[in-house]
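Values below: all heavy atoms of this structure, side chains included; hydrogens, waters and symmetry mates excluded. Residue numbers start at 1 and run along the sequence shown. The structure displayed is predicted, hence computed values, not measured ones.
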Amino acid sequence: MVQATPLLLVLLLALGAHGLAVKKCSLTGRWVNDLGSNMTIMTVNANGAFAGSYHTAVTATSNEIKLSPLQGSMQKSPNQKGQPTFGFTVNWSFSDSITVFTGQCFVDEYGKEILKTMWLLRSRVENIKNDWKATRVGTNVFTRLQSQE
């Protein structure tokens with residue numbers, strides 16, 4: 001039995017090693033957040049820059065919601081280990097405001113990709129006295145939107 005122990009240990013390590021590999025999280029694709037907003041991120045280039053579009057499900061204006069462009073950057077450091085940090089800006093096409101998001105792309109224990117983000121939304125105000133109410137802060141969680149084929 002003593003001689004079988006090293007063999008069993010090697011076998012258990014070999015079987016368990018596949019679970020240690022970290023699946024890489026990719027920003028490219030279509031995403032939906034916890035409020036129902038949709039975002040599409042196009043290809044991330046070699047420098048980490050990307051572009052896309054954002055269609056919000058929520059707004060504080062009475063204007064018709066329109067698809068808005070986004071520009072962003074993903075950290076390309078080798079230390080990212082497949083779960084990169086990123087930031088992007090949405091220039092709202094239908095209002096006098098802009099939002100910056102920052103976050104990280106994670107892969108959960110089930111292999112599901114998740115974007116955890118925090119944002120600042122800056123709205124235009126008439127004068128500096130109203131500056132206090134011009135910036136809002138919040139968080140969103142995005143999950144990959146599966147294409148319906």
Side-chain angles (χ1 to χ4, degrees), residues 10-149:
V10 169
L11 183 59
L12 286 173
L13 286 173
L15 291 173
H18 70 31
L20 299 177
V22 175
K23 180 182 173 192
K24 292 188 178 194
C25 192
S26 171
L27 292 180
T28 303
R30 297 175 55 221
W31 300 87
V32 61
N33 73 17
D34 44 323
L35 298 175
S37 298
N38 289 286
M39 170 176 68
T40 301
I41 296 177
M42 306 314 263
T43 305
V44 178
N45 74 18
N47 295 325
F50 59 88
S53 59
Y54 198 106
H55 191 264
T56 186
V58 296
T59 182
T61 87
S62 58
N63 298 343
E64 177 188 352
I65 294 174
K66 295 181 181 175
L67 191 65
S68 299
L70 70 80
Q71 296 284 328
S73 184
M74 181 182 85
Q75 178 56 257
K76 296 294 282 189
S77 164
N79 297 328
Q80 293 295 309
K81 308 268 190 262
Q83 301 193 98
T85 55
F86 60 88
F88 62 89
T89 302
V90 178
N91 187 354
W92 301 110
S93 299
F94 58 91
S95 70
D96 292 334
S97 60
I98 197 160
T99 302
V100 293
F101 288 79
T102 187
Q104 187 170 354
C105 190
F106 290 102
V107 178
D108 72 11
E109 63 270 18
Y110 305 107
K112 183 177 175 183
E113 293 169 299
I114 298 169
L115 305 180
K116 296 279 287 184
T117 66
M118 178 170 235
W119 52 263
L120 293 171
L121 180 143
R122 176 67 188 209
S123 298
R124 183 185 166 280
V125 291
E126 293 299 322
N127 57 56
I128 199 166
K129 290 178 185 174
N130 290 325
D131 183 62
W132 65 272
K133 64 180 180 178
T135 303
R136 297 179 187 169
V137 63
T139 61
N140 283 120
V141 176
F142 291 82
T143 55
R144 188 166 297 282
L145 190 60
Q146 301 302 321
S147 60
Q148 297 180 3
E149 301 173 52

- Query: Does the side chain of Trp31 come within less than 4.5 Å of Glu113's, by heavy atoms?
  - Reply: yes
Checklist entry - Quick one: are Gln83 and Cys105 in side-chain contact, heavy atoms under 4.5 Å? => result no
> Would a distance-only check, ignoring hydrogens and angles, find a side-chain to backbone donor-acceptor pair under 3.5 Å from Thr117 to Thr102?
Replying inline: no
When rounded to the nearest 0.5 Å, the distance separating CD of Gln104 from CE of Met118 is 14.5 Å
_Side chains of Phe94 and Ser68, heavy atoms from C-beta outward: is any pair under 4.5 Å?_
yes
Inset, instruction - Return yes if some donor-acceptor pair links the side-chain N/O of Arg136 with the main-chain N/O of Trp119 below 3.5 Å, else return no. - result: no
Here the gap from Asn33 atom CG to Ile114 atom CD1, rounded to the nearest 0.5 Å, amounts to 13.0 Å
Interatomic distance, CD1@Ile41 vs CE@Met74, rounded to 0.5 Å, equals 10.0 Å
*Minimum side-chain heavy-atom gap Met42-Phe50 below 4.5 Å*: no
- Would you say Val32 and Thr143 make side-chain contact, with heavy atoms under 4.5 Å? yes
Discussion item. Counting only heavy atoms from other residues, nucleotides and ligands, does the tally under 6.0 Å from CD of Glu109 exceed 12?
Written reply: yes
Taking Ser93 for its side chain and Leu67 for its backbone only, find out whether a donor-acceptor pair lies under 3.5 Å.
yes
ask   = Got a donor-acceptor contact below 3.5 angstrom from the Asn47 side chain to the Ala49 backbone?
value = no
*Looking at side-chain heavy atoms only, is the closest gap between Met39 and Phe88 below 4.5 Å?*
yes
Self-check item: Pair Arg122 + Asp131: basic N to acidic O under 4.0 Å
Solution: yes
- Taking C-beta and beyond as the side chain, do Lys24 and Val107 meet within less than 4.5 Å on heavy atoms? no
Discussion item. Within the 4.5 Å heavy-atom criterion, are Thr56 and Val90 side-chain neighbours or not?
Written reply: no
When rounded to the nearest 0.5 Å, the distance separating CG of Leu115 from CZ of Phe106 is 10.0 Å
Practice problem: Could you tell me whether a side-chain N or O of Thr43 sits under 3.5 Å from a main-chain N or O of Asn45, the two making a donor and an acceptor? | Solution: no
Phe142 vs Tyr54 aromatic rings, parallel, tilted or perpendicular, using cut-offs 30° and 60°? perpendicular
Rounded to the nearest 0.5 Å, the OG1 atom of Thr135 sits from the CG atom of Leu120 at a distance of 7.0 Å
